[in-house]
Amino acid sequence: MNQQLFEAVDNYICDLVAPEDEALKATVESIAQNGIPQISISASQGKFLQVLAKVCNAKTILEIGTLAGYSTIWMARALPKDGRLISLEYEQLHANVATENMKRADLDGIVEIRVGKAIDLLPELVKEQLVFDMIFIDADKPPYAEYFEWALKLSRKGTLIIADNVIREGKVLEENPDDDRVAGVHRFNKLIASTKEVTACVIQNVGAKEHDGMAIA
Ligand code: SAH
Ligand code: DHB
Ligand code: MG
């Protein structure tokens, strides 16, 4: 694969339509400064999510996997002033750093970060009878299929469900993957394909990050 070319084109795209402002740049810096894994989405992917949120006229967004809030900022910026984004994060350090980043981006009135295992927090959202216009799945990969099932419970007709990292450099082609993260997205991909309630597609991504993909249902 021509990774150099993909990166050059990604830079071209970002310069054109996805430049980072101070708040996004500071969020990227906060990841390195706090020794947090550098696994947030790219700027071009952030802009893609922002466009999707606008297209579905989202007022409520759920994110599973906050990290430092980089994707959170891109999506929350598509929301109206009375919009709401709830983001679920297991690591207290990540949630703390993300909280600071939301304040800097002036999004702390819109974004609520809940700390805990997503599999424990999702049933609470259902109990609260919350329904979301858009749901972004980007936490640990083994339970992706379970996250999708909870996402369906938190959806209405027309809700957009998006999942990051569903191609894993093509490792999803392996029939019986040893890596339980690959096995997790494998199971997820089969589930979205066979779930009659959704119309699903998968888009391959190349660019600044390794070859991967996003599912949209
Ligand atoms: N969406 C972010 C990246 C998320 S990385 C962005 O693009 O900017 C994945 C995040 O999921 C990490 O912060 C990790 O701590 C968190 N995570 C891992 N397991 C989790 C779980 N069981 N429940 C909730 N969050 C989890
Ligand atoms: C990993 C997780 C992600 O969400 C991502 O975009 C890239 C890598 C990981 O856990 O390795
Ligand atoms: Mg991801």
Side-chain angles (χ1 to χ4, degrees), residues 39-42 44-67 70-72 74-79 83-89 114 117-119 121-126 128-175 177 180-207 209-217:
I39 53 174
S40 35
I41 55 165
S42 65
S44 52
Q45 289 175 318
K47 188 64 184 289
F48 176 65
L49 293 181
Q50 191 173 89
V51 169
L52 288 183
K54 287 267 187 192
V55 166
C56 71
N57 199 16
K59 295 198 166 44
T60 54
I61 299 177
L62 171 65
E63 173 174 67
I64 309 177
T66 319
L67 199 72
Y70 185 81
S71 52
T72 321
W74 280 106
M75 292 190 287
R77 285 183 172 167
L79 291 170
R84 190 173 184 205
L85 189 155
I86 297 180
S87 190
L88 312 181
E89 174 54 51
R114 296 194 180 185
K117 284 191 183 167
I119 211 69
L121 297 173
L122 288 162
E124 289 175 19
L125 300 175
V126 173
E128 290 169 43
Q129 298 188 321
L130 295 175
V131 173
F132 296 90
D133 302 316
M134 177 167 153
I135 300 174
F136 179 48
I137 302 172
D138 192 21
D140 48 331
K141 313 307 166 194
Y144 255 37
E146 285 69 32
Y147 294 160
F148 177 72
E149 280 166 352
W150 283 106
L152 283 181
K153 293 191 187 37
L154 291 160
S155 294
R156 54 159 174 84
K157 193 169 190 286
T159 292
L160 213 48
I161 301 174
I162 303 143
D164 191 27
N165 311 114
V166 301
I167 297 298
R168 310 308 327 236
E169 297 176 290
K171 294 194 188 86
V172 281
L173 296 178
E174 297 167 18
E175 245 336 293
D180 59 355
R181 295 168 302 180
V182 178
V185 294
H186 207 279
R187 207 157 57 85
F188 169 88
N189 289 342
K190 279 193 186 154
L191 180 61
I192 60 165
S194 64
T195 301
K196 296 208 171 45
E197 293 94 322
V198 302
T199 308
C201 70
V202 177
I203 296 174
Q204 290 191 68
N205 298 141
V206 293
K209 296 189 34 161
E210 67 278 15
H211 173 214
D212 215 316
M214 278 201 194
I216 307 174

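Model, not experiment: these values are computed from the prediction. Residue numbers run from 1 in the order of the sequence given.
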Closest contact, heavy atoms only, [X] versus [Y]:
X	Y	result
Val131	Thr60	O-OG1, 3.3 Å
Glu63	Ser71	OE2-OG, 2.5 Å
Glu146	Pro142	OE1-O, 4.1 Å
Ser87	Gly65	OG-C, 4.4 Å
Leu160	Cys56	CD2-SG, 4.2 Å
Phe188	Ala163	CZ-CB, 3.4 Å

Spacing of [X] atom [atom1] and [Y] atom [atom2] [to the nearest 0.5 Å]:
X	Y	atom1	atom2	result
Trp74	Ser44	CH2	OG	8.5 Å
Ser40	Lys209	OG	NZ	7.0 Å
Ile86	Ile135	CD1	CD1	10.5 Å
Leu130	Leu122	CG	CG	11.0 Å
Ile203	Ile216	CD1	CD1	4.0 Å

- I would like to know whether Asp133 and Arg156 meet side-chain contact (heavy atoms from CB on, under 4.5 Å); could you show each step before the answer? CA-CA 7 Å; Asp133 302 316; Arg156 54 159 174 84; 3.0 Å; yes
- Task: Give me the one residue out of Leu85, Thr72, Leu49 that meets side chain to side chain contact (heavy atoms under 4.5 Å, CB included) with Phe136.
- Result: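 That would be Leu49; it is the only one of Leu85, Thr72, Leu49 passing the side chain to side chain contact (heavy atoms under 4.5 Å, CB included) with Phe136.
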Would you say [X]'s side chain and [Y]'s backbone share a donor-acceptor pair under 3.5 angstrom?
X	Y	result
His211	Val206	no
Gln50	Ala78	no
Asn189	Val166	yes

Report yes if the side chains of [X] and [Y] come closer than 4.5 Å at any heavy-atom pair, otherwise no.
X	Y	value
Ile161	Ile192	no
Thr159	Leu154	no
Asp138	Leu67	no
Phe48	Ile41	no

- Query: Does a side-chain N-to-carboxylate-O contact under 4.0 Å join Arg114 and Glu128?
  - Reply: yes
- Arg181 with Asp140: basic N within carboxylate O range, under 4.0 Å: no
- Working for side-chain contact (heavy atoms from CB on, under 4.5 Å), residues Ile64 and Trp150: CA-CA 11 Å; Ile64 309 177; Trp150 283 106; over 6 Å; no
- Task: Please assess Ile162 against Met134 for the test side-chain contact (heavy atoms from CB on, under 4.5 Å), listing each intermediate value before the final yes or no.
- Result: CA-CA 8 Å; Ile162 303 143; Met134 177 167 153; 3.6 Å; yes
- Message: Evaluate Asn165 against Asp212 for side-chain hydrogen bond (donor to acceptor under 3.5 Å, both in side chains), listing each step before the verdict.
- Response: CA-CA 6 Å; Asn165 311 114; Asp212 215 316; 3.2 Å; yes
- Query: Would Arg168 and Glu210 satisfy side-chain contact (heavy atoms from CB on, under 4.5 Å), going step by step from the backbone distance to the final call?
  - Reply: CA-CA 8 Å; Arg168 310 308 327 236; Glu210 67 278 15; 4.2 Å; yes
- Angle class for the Tyr144/Tyr147 ring planes (parallel below 30°, perpendicular above 60°, tilted otherwise)? tilted
- Message: Would you say NZ of Lys117 has more than 12 non-hydrogen atoms from neighbouring residues, nucleotides or ligands within 6.0 angstrom?
- Response: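 Check fails, neighbour count at 12 or below.
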